[in-house]
Q: 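One structure follows; several queries about it will come next.
Below, chain A is the first sequence line, B the second, and so on; all start at residue 1.
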Amino acid sequence: MRTTFQTSYLQDVRLFPDVRRAIRYAALVALAAALPLVLDDFLLGEATNVLIWAVAGMGLMVLTGHAGQASLGHAAFLAVGCYANAILMERVDLPFVASFLAAGAITGLAGVLIAIPALRLHGIYLAIATLALSMLTEDIIVLAEPWTGGVTGLVAPDITIAGAQVDRYGSPDLFYWLCLVVALIVTLGYRNVLRTPLGRAFVAIRDSEISAQAMGVNVAVTKACAFGLSCMVTGWAGALMGHFIYTFNHEVFTVIISIQLLVMIVIGGLGSIQGAYWGALVLVGIPQVINIARDGAQAALGSSIVIPGIETGLFMAILILFILFEPRGIHGRLEKWKVYVELFPFCRRDMFRRQKSYLKTERMR
Amino acid sequence: MSLLDVDGVTVHFGGVTALERVSFTVEPGEIFAIVGPNGAGKSTLFNLISRFHEPEEGDVRFAGESLLRRAPSGIAGLGIARTFQNIELFEHSSVLQNLLVGRHTRRRASILAQILFTPAVRREEIAHRVAVERMIDFLDLQPHRDRIIAGLPYGIRKVVEVARALAIGPRMLLLDEPASGLSAEESRDMQFRIKDIRARMGVTVLMVEHDMGLVSAVSDRVLALADGRVLAIGTPSEVQSHPKVIEAYLGTEAAAP
Amino acid sequence: MTETLLRIRNLECFYGPVMAIRGVSLDVPEGRIVTVLGANGAGKTTLLKTVSGVMDPAKGDILLAGDSIASRDPDRIVRKGVVHVPEGREIFPLLTVDENLAMGAYTRKDRDVAADREMVFGYFPILKQRRRQTAGTLSGGQQQMLAIARGLMAGPRVMLLDEPSLGLSPLLVGDIFAILRRLNAERGVTMLLVEQNARVALDIADDGYVMELGRIVMEGSAERLRQSADIQEFYLGAERQGLRGERRWKRRKTWG
Amino acid sequence: MEILQLIVSGLANGCIYGLIALGFALIYKAAEQVNFAQGDLMMFGAFVALGLTNDSHLGLPFWVACIGAVTAMAVLGWLLERSVLRRVFGQSQIAVVILTIAFGFLLRIAAGLIWGHDPLTLESPIAGVNQHFGGLVLGLDELTVIAVTLVLTAILFGFFSRTKLGIAMQASSQNQLAAYYMGIPVKRIHGLTWALAGAIAAVAGILFASKGSIDPNTGLLGIKAFAAAVIGGFGSLPGALAGGLIVGLIEPFAARYVASGYSQIAPYAMLILVLLIRPHGLFAQIHAKKV
């Protein structure tokens, strides 16, 4: 087992606790940046999709995983970001970078506005209220036809950055790099938040609101911050998503998407940045796996099998298995393996065994 | 001027009187204990100072300023820190992280600066670590520094809670039953710690405690409450020998020397 | 010589990776009060939880009148007459006092429940006054009484008591221990008592064990434990001011 | 007269929501779990009854099919608890929420595979029979729905407040550990609770399918019933019924007097409004925690 000796106060404060990890992550980023050189256009599109979902996942993760506020309505904020970006580019004629930033700001503001009434709600009630919000989104998009194009929807405008045309179909590698840059910036900002008072305040209100207050943490302001940051990032993901799918209408941002997003971060591992990426990988990967399996079955049986909703079904089945056998998600499972390897051969089976646990009512507040 | 001035506060909970015109003052540098039977209103008094409850009458002033105008989260910023009877720590964080939350009121950087992790934020973070490490040293928590609270024994958690409260850098520390659930040995350690907190950090201590051994060993003055009213106030021996206190709280057996 | 009712043999128990109990054996004779003393984190609560079945032992056996009850579901163990009164006032906060007591008698099919309720009210008159009140609105001391009273409603042969004095005023501690002593004398209830307040515990107990870091380090009659220098310094210390005084260093424990 | 007609059809619809909401409330009260699959259980129950009784399927007598569906759904509820939910016993409520969401999806896919995706109607003796009271036309189906809902709510209410088992259910939801200490078989009680919720879902499904057609997505109605349960205050049985009626009444009136597009929005807008005014619903059972 490797032991890190504490030799300075800086050690806890640094971005990476040790050099090894810094090198590992640098290699990972380099690999990600080199992907367009290796992959064909289809797979590169899928990789882009993973990055977009990971950004959305990080948006929800900060709220649910760290600040402990479960949301079943984040598709609404994807929609706000997506429409705000498209409308700003189209109607106000803003360049992409400006409209993208503004879309994040608008969505963040929307999040803060939602947070103010949501402050009084806890746990399951908050989840339900956000679910209702998600249900409303579809109808509101239809009702706000003058801006959103209603049922017909909108077409994502072309992106030009520094004279270069960034198009999902025309220049998929540029669009991929754009998404990669956004994902990296968000990841870095997220990591920074976690090692500063703001991130600690998030965790504090998640674990005990009452003692957070006694420590001087303003619960209302902190929750509003969490909602604001979360929605801002989700809005950015929504804006990218708009460009990725090219045309969109009210049917894109359904409550199913909200649920999928939450399920995704649970599978990835709640409370970890890596979890958002793992979850996105699973979410985007499943249809591909099914396609491969279907092609295989078709070749073997000679007839095609079509089961409607199989993607969602498989996704949900994976979710059930994860909650039952690895509630800490993919990230948690990997961490356990790491401990196992580091301790080998001194790792006991009991180490990760959970003792029976019991719940008390949450109706006493 | 008194540090804390509780002036004629009255609190009712659905017809039950929790506090009835209670007044007392705590002087700077004092260790002041509140005793009394269960349900006498001791915790209510603490929650009043923490602003979790609202008094119907009366005022609570800290260093001359009324607390009633502050939000619950504004109390720590004034320099009042507290612990809880049933321990309210952040269960899934390490001891170090818990203590760092105690530094929350000392943060200066804006949200944007925190997201960007500017050099100023870095300097501030290091200052927080230095302060917190000092607290860890002071209360002998080094072996548990990086351990998650959920896995710590009860006695250690009690100390962590005190450390977290001290990380605020308070002028007054409210301890809610610091020795409850501790063995005689641990309770004796707690006694030394409370004395050190006053002697070395100059913090005024206000505590609620049942263990009369601890109360008489550390406190300068004691307030006895029963049914929301003040029974007696004075030195530990005065209060312990007060007939009404014996009748309502100590019982005859415990009062016998 | 009385029969051994509860017999624990070589018990080992884990909290995740942490070994909380490291091979504990103890005997509780019928009709006696046995107390387990020990510092925090010594594993006393874990011991009781393992006996009552809410935690599973990794090794070892628990015998009730000769039958193994280790790893059984808690409800089966209650039916065999072992009732656990947990620490920290674990009551049903949204039910009334009466309903809480009715739940105490959940496993019983006989008709004496009403009589037992009157008996319990005899011991705790305050509960009778509050019988229609929601238990969550009781004061801490009353909740503690309710927890004990509820345990009695099961008509137990063995009561496992976890820190009944926690957070109570000295007067109330005296009251509750007087009631426990009466229960033992009048109804012959066998008790396994885990207590931080060593003085009151040794006062009512017949025998005692001392647990440290998951092991039994000392056992004997309550009288013998009271005489031990270690017990006096580490467990009765607060009550006897002179013993350690302002001395900050600690004597090494010998458990002789 | 038109208003009266709207009220009656709103009440009948509201009773269906109320019945689903009753399932939510029941599980919350007895296990403090939140079942997001209640709507899908209802849909599945309706399909089971349909599969047993419709001529194009098994063609059994209607009442046999009813009993069969209720039994089958009770077993399904029990199996769900036994095989899946019991494994997350003692973990946070959110785990159960997510598990039941996933289970709901699987039920929807299963129903689609077995009975197809086209809307089907249940051949029920109470469908399409009308009673005339003056100018008022009342369907037998609507009357049955209202009567069954009232009776079921009353029975469940009595069960929870009067019987030892009902109180034990409440006890085990409030403090699992203490319930165990008292010898209450908490896990078995959870199984029973879920079986009961499955049975109620089947009743709601049969009544719903008697009033109109069903398809695998009918389960999404559960979300509206969910809003109803929350409006009424989670864990309160009369509250669930009241919430259901409120949602049922608000829909036709919003459609009639505002605009048809708003009847979908109205229940959720109502939900958000209620949560803002009373964060735990109208009949909430929440107490202040002592620090």
Q: Checking A:A70 against chain D: side chain, backbone, both or neither under 4.5 Å from a heavy atom?
A: side chain
Q: Among D:I98, D:L271, D:L106, D:I272, which residue forms the greatest number of heavy-atom pairs with chain A at distances under 4.5 Å?
A: D:I98
Q: Most heavy-atom pairs under 4.5 angstrom with chain A, which of D:Y180, D:F36, D:F103?
A: D:Y180
Q: Is A:E335 paired with A:R328 through a side-chain N to carboxylate O contact shorter than 4.0 Å?
A: no
Q: Find the distance between NE2 (A:H74) and CD (A:Q260) and round it off to the nearest 0.5 Å.
A: 15.0 Å
Q: Need one label for D:V84: side chain, backbone, both or neither, based on atoms under 4.5 Å from any heavy atom in chain A.
A: both
Q: Give the minimum heavy-atom separation between A:G268 and A:W278, together with the two atoms involved.
A: CA-CB, 4.0 Å
Q: Which bit of A:I128 is near chain D, if near means a heavy-atom gap under 4.5 Å: side chain, backbone, both or neither?
A: both
Q: Verify, without hydrogens or angle tests, whether A:T222 (side chain) and A:F202 (backbone) share a donor-acceptor contact under 3.5 angstrom.
A: no
Q: In terms of heavy-atom pairs under 4.5 Å with chain A, which of D:L85, D:I94, D:I223 leads?
A: D:I223
Q: State, to 0.1 Å, how close A:L136 and D:I265 come at their nearest heavy-atom pair, and which atoms those are.
A: CD2-CG2, 3.1 Å
Q: Who among D:V186, D:L113, D:L99 has the most heavy-atom pairs with chain A under 4.5 Å?
A: D:L99
Q: Angle between ring planes, D:F47 versus D:W115, binned at 30° and 60°: parallel, tilted or perpendicular?
A: parallel
Q: Measuring heavy-atom distances to chain A, does D:F89 have an atom under 4.5 Å in its side chain, in its backbone, in both, or in neither?
A: both
Q: Side chain, backbone, both or neither: which part of A:I320 has a non-hydrogen atom closer than 4.5 Å to chain D?
A: both
Q: Against chain A, label D:A227 side chain, backbone, both or neither, depending on which of its atoms sit under 4.5 Å from a heavy atom there.
A: neither
Q: Counting only non-hydrogen atoms closer than 4.5 Å, does D:L273 touch chain A with its backbone (N, CA, C, O), its side chain (CB onward), both, or neither?
A: neither
Q: Contact part of A:L126 toward chain D, heavy-atom cut-off under 4.5 Å: side chain, backbone, both or neither?
A: neither
Q: Got more than 12 heavy atoms from elsewhere within 6.0 Å of CZ, D:R82?
A: no
Q: Find out whether the Lys NZ or Arg CZ of D:R108 is both under 6.0 angstrom from the six-membered ring centre of D:F105 and within 45° of the ring's axis.
A: yes
